[in-house]
Visitor: 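Please read through the structure below; I'll follow up with questions.
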2 protein chains.
Amino acid sequence: MKECTIKHNGNRSYSCTVELTLQVIGGKWKPVILYHLSRVDCLRFGELKKSMPNITQKMLTQQLRELEQNGLVNREVYAQVPPKVEYSLTTFGLTILPVLNSLREWGDTFEQRLESV
Amino acid sequence: MKECTIKHNGNRSYSCTVELTLQVIGGKWKPVILYHLSRVDCLRFGELKKSMPNITQKMLTQQLRELEQNGLVNREVYAQVPPKVEYSLTTFGLTILPVLNSLREWGDTFEQRLESV
DNA sequence: CGGAATCCTTCATGATACTG
DNA sequence: CAGTATCATGAAGGATTCCG
């Protein structure tokens, strides 16, 4: 048993790097966004929105901005009218996929336990 | 690109099992609780609380109850005065540890990126 | 089309006091 | 010692409107 020290990094604070990871990929939408981006080269904003019918425009924009700031997602703006913006995973963003798989596999097992009751 | 369907399981809803996992181990305290429980055979409530100086009694109780309901944590009450309650990981609870390690390792890498700026 | 801005609701978390 | 109960607060998420 040891005391927890709390690290501060910019405006972020966490007591272990597990929490740090959860801050980057956690929340209601980020895992799904990353999942969709992982299945294709890139997606336009509208395409991403269509594949997540329940997300609001505000949340999608906000979550994409955070993923971009953390270096997982690339945002490419085409200078044209009407606007066209494409999102894709960065090289670093690809490294989160095994982690998501790990989460998904455990979730599958847990789901089976739920349904076997 | 495919539409998301939303699954409902009891009072829980999720569009993929990644979210399901995050519902079980996410939040501000659960990863840390699981970490501490993984380092020893079992811990009394007070010991756990001492190792997490910033958690309130209410949150610790609440999070432990949820982990217990989801089958990750075992709660053993000794019929004595003053009360003694010991918490430990269940066999199923042990299966979450590789997932937490995966999260921690990625978090370590991400932390290095943060600090190399 | 892909946003930004504003306001509002809900939920997670916290502070405090009390108890068998 | 290991809780419960109650009230308060802040952050996350959502609805709506407007814009280049």
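All chains are named by letter (A, B, ...) in the order of the sequence lines, taking the proteins before the strands, and each is independently numbered beginning at 1. Bear in mind that the values here come from a model prediction, so they are computed numbers and not experimental data.
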Visitor: Could you pull out all residues at least two apart from B:Val81 that satisfy side-chain contact (heavy atoms from CB on, under 4.5 Å)?
Guide: none
Visitor: Does the side chain of A:Tyr87 get closer than 4.0 angstrom to OP1 or OP2 of C:dG3 through an N or O atom?
Guide: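 Checking A:Tyr87 against C:dG3: at least one side-chain N or O falls below 4.0 Å of OP1 or OP2.
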Visitor: What residues from residues 68-82 of chain A pass a heavy-atom cutoff of under 4.0 Å to DNA chain D?
Guide: none
Visitor: Which pairs count as salt bridge (Lys or Arg N to Asp or Glu O under 4.0 Å) when at least one residue sits in residues 11-33 of chain B, sequence neighbours excluded?
Guide: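 Sorted pair list: B:Lys30-B:Glu66.
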Visitor: Rounded to the Å, how far apart are B:Lys84 NZ and D:dA2 P?
Guide: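 Answer to the nearest Å: 9 Å.
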Visitor: Check this one for me: any side-chain N or O of B:Arg44 less than 4.0 Å away from OP1 or OP2 of D:dG3?
Guide: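 It does not, given that no N or O in the side chain of B:Arg44 lies less than 4.0 Å from OP1 or OP2 of D:dG3.
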Visitor: Using the salt bridge (Lys or Arg N to Asp or Glu O under 4.0 Å) criterion, which residues pair with A:Lys84? Sequence neighbours excluded.
Guide: A:Glu86
Visitor: Would you kindly give the CG-to-P distance between A:Leu64 and C:dG2, to the nearest whole Å?
Guide: 11 Å
Visitor: Enter the distance from A:Ile96:CD1 to A:Leu67:CG here, rounded to the nearest 0.5 Å.
Guide: 10.0 Å
Visitor: Report the residues that fulfil salt bridge (Lys or Arg N to Asp or Glu O under 4.0 Å) with B:Lys58, sequence neighbours left out, ordered by chain and then residue number.
Guide: none
Visitor: Answer with base, sugar-phosphate or nothing: what part of the nucleic acid does B:Lys49 contact at a heavy-atom distance below 4.0 Å?
Guide: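 Touches nothing.
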Visitor: Where the side chain of B:Thr95 meets the backbone of B:Thr91, is there a donor-acceptor pair that is under 3.5 Å apart?
Guide: no
Visitor: Provide a list of protein-nucleic acid N or O atom pairs under 3.5 angstrom, restricted to nucleotides 11-19 of chain C.
Guide:
from	atom 1	to	atom 2	distance (Å)
C:dT13	OP1	B:Lys28	N	3.0
C:dG14	OP1	B:Lys28	NZ	2.4
C:dG14	OP2	B:Trp29	NE1	2.9
C:dG14	N7	B:Lys58	NZ	3.1
C:dG14	O6	B:Lys58	NZ	2.2

Visitor: Please state how far atom CG in A:Leu43 lies from atom P in C:dG2, giving the value in whole angstrom units.
Guide: 11 Å
Visitor: So, using side-chain contact (heavy atoms from CB on, under 4.5 Å) as the criterion, who are the partners of A:Thr90 when residues are at least two apart?
Guide: A:Asn74, A:Phe92
Visitor: Mind checking ring pair (Phe, Tyr, Trp, His ring centres under 6.0 Å) for A:Trp29 and listing every partner two or more places apart, or none if nothing turns up?
Guide: none
Visitor: With sequence neighbours left out, write down each residue that passes side-chain contact (heavy atoms from CB on, under 4.5 Å) with A:Val85, or none if nothing qualifies.
Guide: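 If we apply the side-chain contact (heavy atoms from CB on, under 4.5 Å) test to A:Val85, skipping adjacent residues, the hits are A:Arg75, A:Val77, A:Tyr87.
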Visitor: Excluding sequence neighbours, so at least two apart, what forms salt bridge (Lys or Arg N to Asp or Glu O under 4.0 Å) with A:Arg104?
Guide: A:Asp108
Visitor: Whole-Å distance between C:dA5 C1' and A:Arg65 CZ?
Guide: 14 Å
Visitor: Rounded to whole angstrom units, what separation is found between the CG atom of A:Leu60 and the P atom of D:dG14?
Guide: 12 Å
Visitor: What does the inter-axis angle of the helix from C:dC1-D:dG20 to C:dG20-D:dC1 come out as, five pairs per end, nearest 10 degrees?
Guide: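 It comes to 50° between the two terminal axes.
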Visitor: Who are the side-chain contact (heavy atoms from CB on, under 4.5 Å) partners of A:Leu94, not counting sequence neighbours?
Guide: A:Leu89, A:Leu97
